[in-house]
Amino acid sequence: MKPAVVFGTRPEIIKLTPVIRAFEKKGIKPLLIHTGQHYDYEMSKVFLEELELQGIDYHLEVGSGSQAEQTGKAMIKIEKVLVGEKPNVTIVEGDTNTVLAGALASVKLKIPVAHVEAGLRSFDRTMPEEINRILTDHASEVLFPPTEEAKRNLEREGITENVYVTGNTIVDAVLQNSEIAERKSRILEKLSLRPKDYILITAHRAENTDSRENLKKLVEILESFPLPTVYPMHPRTRNRLEAFGLWERVKQIEGLIVTKPLGYLDFLKLEKNAKIIMTDSGGVQEESIILNVPCLTLRYNTERPETVKAGGNVLVGLEKDRTLEYVNRLIEDRGFYEQMSNAPNPFGDGKAGERIASILLKMYKEGKLKVRRSRFI
Ligand code: UD1
Ligand code: UDP
């Protein structure tokens with residue numbers, strides 16, 4: 001069997017590594033195609049190194065651009081590789097432009113697409129990611145929703161066949177790396193932070209960073225924190241802060257440490273030891289509940305509602321007062337803190353990668369890994 005794995009951004013590298021490893025354990029070396037949507041050392045190569053993902057077969061160097069430019073460029077380059085390599089299946093994960101490009105290029109060559117982390121919906125079609133999720137799910141032949149709730153989202157859209165709930169591969173990644181992070185990372189010492197005495201924040205979503213008004217709200221939230229705060233900053237956010245003339249203001253915030261994006265081991269260590277995590281990232285919402293750290297999400301919706309229902313995550317939007325109210329409550333109310341920290345992990349047992357590889361291999365052996373004319377035949 002010859003599976004191709006298409007990825008291009010930080011979270012895709014992290015979440016697909018467990019799938020790649022599972023194939024390798026079965027003696028199958030997947031074809032690795034990196035679109036280069038993320039290209040800075042600390043957004044890409046550091047993860048390839050730390051996760052020991054060697055042997056990328058194709059670096060497509062797509063880089064940044066407008067939505068259409070980036071997606072279109074990636075499609076053109078992925079198509080060329082797939083035509084030459086003729087894999088049996090193209091595996092994509094998540095909701096980035098790389099994912100949509102991989103899925104469209106592949107299905108039109110009649111190479112079936114397997115979508116890892118299928119069925120997530122924020123029900124907000126103004127997000128580029130929501131469009132990518134919907135279109136990728138509908139172009140895919142095999143769907144791996146992480147939870148029953150994600151499976152139900154697919155059912156509502158008429159996708160009921162070749163759907164397998166596997167858990168999320170982020171659990172695999174956390175379990176495989178958190179002990180290594182604990183042992184190897186010196187990030188707390190480096191930043192002079194004490195365990196459970198700081199807030200960890202990440203924010204990079206287009207809806208939070210692309211308008212000055214929203215980015216200013218984020219800055220006001222940062223200015224209000226009563227605890228030391230560390231912010232490993234995505235280049236998108238840094239660029240927008242500078243462009244909107246807000247960067248100098250951020251630099252002056254007392255108790256705020258802004259770093260470059262961090263490698264996975266340092267970031268996991270910071271997550272595990274944080275008092276509170278605040279984020280607009282999908283993966284970080286998931287990791288918070290896996291690592292038993294209360295999460296406040298700087299968005300008005302989430303495609304990870306399981307975290308909110310389980311009690312480990314609260315949507316605070318970009319509302320300073322609401323955010324501060326929760327921060328203070330988490331600091332002062334021990335019972336509430338315990339309750340949020342102990343919310344059960346809804347994302348499975350850390351064996352998602354193995355399940356995904358086994359299902360695809362079985363389908364291949366049974367001759368079922370094909371683009372069917374209709375889902376309903
Ligand atoms: C993308 C995904 C988003 C995901 C995020 C993971 C889409 C539509 N969005 O957002 O869902 O949460 O990746 O981090 O695919 N840049 C650099 N260096 C890099 C990469 C990006 O400087 O290595 C800067 C560029 O200015 C670029 C901007 O960040 O224009 C945005 O990058 P892009 O890949 O378009 O989207 P992300 O915000 O990273
Ligand atoms: N992450 C990291 N270093 C950082 C910030 C995030 O290693 O400085 C990891 C984080 O642990 C998670 C993933 O990157 O696994 C999330 O990626 P991101 O927030 O960029 O994307 P999203 O999940 O929102 O798509």
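All ligand and atom numbering here is 1-based and tracks the order in the structure.
- For atom 8 (C) of ligand 1, the closest heavy atom belonging to the protein is N97 OD1, 3.4 Å.
- Closest heavy-atom contact between V62 and K77: CG2-CD, 4.1 Å.
- Between F144 and H115, the distance from one ring center to the other does not fall under 6.0 angstrom.
- Looking only at side-chain heavy atoms (C-beta outward), T35 and I78 come within less than 4.5 Å of each other.
- For ligand 2, the atoms sitting less than 4.0 Å from at least one non-hydrogen atom of L262 are 2 (C), 3 (N), 4 (C), 7 (O), 8 (O), numbered in the order shown with element in parentheses.
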Trace of the side-chain hydrogen bond (donor to acceptor under 3.5 Å, both in side chains) decision for H204 with T209: CA-CA 6 Å; H204 68 276; T209 57; over 6 Å; no
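- In K26, the NZ atom is crowded: over 12 heavy atoms of neighbouring residues, nucleotides or ligands sit closer than 6.0 Å.
- Tracing side-chain contacts under 4.5 Å through hydrophobic residues (I, L, V, M, F, W, Y), one never reaches V314 starting from I289; they form parts of separate clusters.
- For the residues Q285, E42, R10, the heavy atom positioned nearest atom 4 (C) of ligand 2 is part of R10.
- Across all their heavy atoms, I290 and N345 have their closest contact at CG1-OD1, 3.8 Å.
- At a 4.0 Å cut-off, at least one heavy atom of H204 sits close enough to ligand 2 to count as contact.
- Residue contacts with ligand 1: R205 is included, with a non-hydrogen atom under 4.0 Å away.
- In this structure, K80 is not positioned above the aromatic face of Y58 in the sense of NZ or CZ being under 6.0 Å from the six-membered ring centre and within 45° of the axis.
- If you look at R236 next to ligand 1, the close heavy atoms, those under 4.0 Å, come from the backbone and the side chain alike.
- For the pair P305 and E149, the tightest heavy-atom approach, listed with the atom from each and the gap, is CG-OE2, 3.4 Å.
- Using a distance-only test at 3.5 Å, with no hydrogens or angles considered, a donor-acceptor pair links the side chain of S224 to the main chain of I221.
- Between H38 and H234, the two ring planes are perpendicular [angle over 60°; tilted spans 30° to 60°].
- Residue-environment remark: CZ (R183) exceeds the threshold of 12 foreign heavy atoms within 6.0 Å.
- Among all non-hydrogen protein atoms, the one lying nearest atom 7 (O) of ligand 2 is F47 CE2, 3.2 Å.
- In this structure, the protein non-hydrogen atom closest to atom 25 (C) of ligand 1 is S64 OG, 3.5 Å.
- Scanning the protein for heavy atoms near atom 22 (O) of ligand 1, the closest one is P235 CB, 3.2 Å.
- The closest non-hydrogen atom to atom 11 (O) of ligand 1, taken over E129, R10, E69, comes from E129.
- The heavy-atom pair separating F267 from P232 by the smallest distance is CE1-CG, 3.8 Å.
- Only the side chain of N239 comes within contact range of ligand 1, with a heavy atom under 4.0 Å; no backbone atom does.
- The N/O atoms of H38, backbone and side chain alike, include one that comes under 3.5 Å of an N/O atom in ligand 1.
- Residue-level proximity to ligand 1 for S44 is absent, since no heavy atom of it falls below 4.0 angstrom.
- Closest non-hydrogen pair, D280 versus L298, comes out as CB-O, 4.0 Å.
- Closest protein heavy atom to atom 1 (N) of ligand 2: F267 CD2, 3.6 Å.
- The closest approach between R205 and ligand 2 falls below 4.0 Å for a heavy atom of the residue.
- Note: an N/O pair closer than 3.5 Å links Y39 and ligand 1 by distance alone.
- Here's the thing with I14: none of its N/O atoms is less than 3.5 angstrom from an N/O atom of ligand 2.
- Scanning all protein heavy atoms for the shortest distance to atom 23 (O) of ligand 2 gives G283 N, 2.7 Å.
- For atom 2 (C) of ligand 1, the closest non-hydrogen atom on the protein side is T96 CG2, 3.9 Å.
- In this structure, atom 34 (O) of ligand 1 lies nearest to the protein heavy atom Q37 NE2, 3.1 Å.
- By the 3.5 Å distance cut-off applied to N or O atoms, S281 is counted among the residues near ligand 2.
- For ligand 1, the atoms lying closer than 4.0 Å to a non-hydrogen atom of M43 are 23 (O).
- When each of L16, I14, I20, V5 is checked for a side chain to side chain contact (heavy atoms under 4.5 Å, CB included) with L53, only I20 meets the rule.
- When non-hydrogen atoms are compared, ligand 2 lies under 4.0 Å from the backbone of Y264 as well as from its side chain.
- At least one donor-acceptor pair closer than 3.5 Å links the side chain of K196 to the backbone N or O of A274.
- Summary of contacts: the protein heavy atom closest to atom 25 (O) of ligand 2 is P11 CG, 3.6 Å.
- Atom numbering of ligand 2 starts at 1 in the shown order; those under 4.0 Å from a heavy atom of P261 are 8 (O).
- Comparing heavy-atom distances from atom 11 (O) of ligand 2 across R304, H234, E287 singles out E287 as nearest.
- Cation-pi geometry between R121 and F123 is not satisfied (NZ or CZ under 6.0 Å from the ring centre, within 45° of the ring normal).
- Of all atoms in ligand 2, listed by their number and element, those nearer than 4.0 Å to a heavy atom of P232 are 8 (O).
- Residue, atom and distance of the protein heavy atom nearest to atom 18 (N) of ligand 1 are D40 OD2, 2.9 Å.
- In terms of polar-atom proximity, defined here as any N/O pair under 3.5 Å, H204 does make such a contact with ligand 1.
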